[in-house]
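Data first, discussion second: the structure below is written as structure tokens.
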Amino acid sequence: MKNYRLLFILPLVLLTLGSCLKDDDYSGPELPTVSLYNFYPKSTGVQYVINGSPMTEYNPQYKGISLFFAIPGNKSMEILDRQSAEVLIDTSLTFADSVYYSCFVYGTTDRPEFFRVPDEGVDDLGTKAGVRFLHLGQGVGNVTLKIGDQEVEGLTDREYENAETVNLAKAFLPVSSGQSTVTVVNASGETVAEVENLDLVQGRHYNFILNGSANDTEYPLELSYSFYN
């Protein structure tokens with residue numbers, strides 16, 4: 001992906017970007033950049049531990065986004081409940097030179113889940129914007145992301161993200177730029193979440209993320225978004 005600057009837009013929570021793995025003596029290719037999105041539905045928040053070292057600059061809250069630069073290679077990652085220190089996620093990841101990654105912690109308090117995708121943009125969008133969609137919403141079944149009245153192949157009938165959906169979830173797809181209301185509809189065509197009157201700027205790449213849970217007043221279904229510029 002090109003060297004885009006990642007901008008976080010409400011309803012996602014803006015954070016101070018911090019680096020926890022950057023090696024001052026590292027002189028190889030561009031370091032992998034890793035964005036961490038927290039959609040784990042608990043008010044106590046999360047703590048990230050990378051290779052046994054807690055991140056010191058991060059946003060622990062629900063819908064908080066954090067960032068670090070990784071030395072290429074294998075890294076262990078633990079994600080903990082910030083209050084109880086219970087390990088929610090324990091995984092090992094490989095990071096490659098010059099690749100951007102987005103990681104998501106989500107699920108339920110009974111079943112925390114983790115998902116990672118590389119950020120691979122469209123080389124030449126021309127007058128279009130790039131859009132990808134991640135379905136992390138609970139209790140809603142398969143859904144479709146619509147740009148205005150436009151349905152885009154690859155954004156329709158999307159199942160809840162899992163190990164088998166990575167190739168589909170990572171792809172940015174070109175869509176018409178300009179102002180649109182972006183909606184998520186269920187299998188019956190009912191709108192379950194939306195962002196009204198969003199200006200999709202030509203040349204930008206947008207993440208759209210369905211998060212939250214149906215019939216949950218504290219963590220309702222929402223369509224969150226961020227963009228690269």
Side-chain angles (χ1 to χ4, degrees), residues 6-16 35-48 55 58-67 78-89 102-117 131-149 151 155-163 165 168-169 179-200 206-227:
L6 182 59
L7 302 178
F8 306 112
I9 309 301
L10 292 175
L12 295 178
V13 179
L14 190 66
L15 68 143
T16 301
S35 302
L36 301 165
Y37 294 73
N38 175 31
F39 293 109
Y40 177 65
K42 197 171 180 182
S43 61
T44 51
V46 297
Q47 166 75 59
Y48 301 102
M55 287 181 67
Y58 68 102
N59 188 328
Q61 301 303 318
Y62 182 70
K63 296 190 291 186
I65 312 171
S66 306
L67 181 145
E78 290 182 323
I79 302 172
L80 284 61
D81 183 296
R82 192 162 173 254
Q83 184 176 62
S84 69
E86 174 190 1
V87 176
L88 306 173
I89 301 294
S102 292
C103 300
F104 304 84
V105 55
Y106 61 109
T108 66
T109 52
D110 294 330
R111 186 183 176 185
E113 299 184 66
F114 181 81
F115 190 71
R116 183 184 75 160
V117 289
V131 166
R132 75 176 175 191
F133 176 51
L134 293 104
H135 178 5
L136 309 181
Q138 301 287 323
V140 69
N142 286 17
V143 296
T144 292
L145 184 80
K146 297 177 66 175
I147 311 297
D149 294 327
E151 291 190 4
L155 304 178
T156 61
D157 195 30
R158 290 287 296 274
E159 63 182 300
Y160 184 72
E161 305 303 344
N162 59 76
T165 65
L168 191 59
Q179 190 172 90
S180 294
T181 293
V182 182
T183 58
V184 178
V185 300
N186 63 18
S188 300
E190 301 166 325
T191 297
V192 299
E194 68 179 7
V195 177
E196 295 183 328
N197 302 321
L198 177 63
D199 189 16
L200 296 173
Y206 293 79
N207 281 319
F208 287 96
I209 305 157
L210 181 65
N211 56 277
S213 182
N215 303 315
D216 188 326
T217 55
E218 187 174 6
Y219 302 102
L221 288 172
E222 296 177 291
L223 183 58
S224 300
Y225 70 98
S226 60
F227 67 78

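Looking only at distances, no side-chain donor or acceptor of T181 sits under 3.5 Å from a matching main-chain atom of G148. The backbone N or O of D157 sits less than 3.5 Å from a side-chain atom of T144, completing a donor-acceptor pair. R82 contributes no side-chain N or O that, together with a main-chain N or O of P60, makes up a donor-acceptor pair within less than 3.5 Å.
Closest approach of P220 and T217 over heavy atoms only: CD-O, 3.7 Å. Closest of all the heavy-atom pairs between L67 and S35 is CD1-OG, 4.1 Å. The two residues A214 and G139 come nearest to each other via the heavy atoms CB-O, 3.5 Å. Across every non-hydrogen atom of S66 and M55, the tightest pair is CB-CE, 4.3 Å. Between V182 and L223, the shortest heavy-atom contact is O-CD2, 3.7 Å. Of all non-hydrogen atoms in Q138 and S213, the two that sit nearest each other are CB-OG, 3.5 Å.
Counting non-hydrogen atoms of neighbouring residues, nucleotides and ligands closer than 6.0 angstrom, the CD atom of E194 exceeds 12 such neighbours. Annotation: D199, atom CG; neighbour count of heavy atoms from other residues, nucleotides and ligands within 6.0 Å is above 12. Counting heavy-atom neighbours within 6.0 Å of N215 CG, excluding the residue itself, gives a total of 12 or less.
Applying side chain to side chain contact (heavy atoms under 4.5 Å, CB included) to R132 and the options L155, V117, L145, I209 leaves one that passes, V117.
Scored by the ring-ring contact (aromatic ring centres under 6.0 Å, His included) test, Y106 finds Y160 as partners (sequence neighbours excluded). The salt bridge (Lys or Arg N to Asp or Glu O under 4.0 Å) search around K42 returns D81, not counting sequence neighbours.
The aromatic rings of Y225 and Y206 are tilted relative to each other, their planes meeting at an angle between 30° and 60°. The aromatic rings of Y58 and Y48 sit perpendicular, their planes meeting at an angle over 60°, well past the 30° parallel limit.
Counted by atom type alone, Y37 and N211 present zero donor-acceptor pairs between their side chains at under 3.5 Å.
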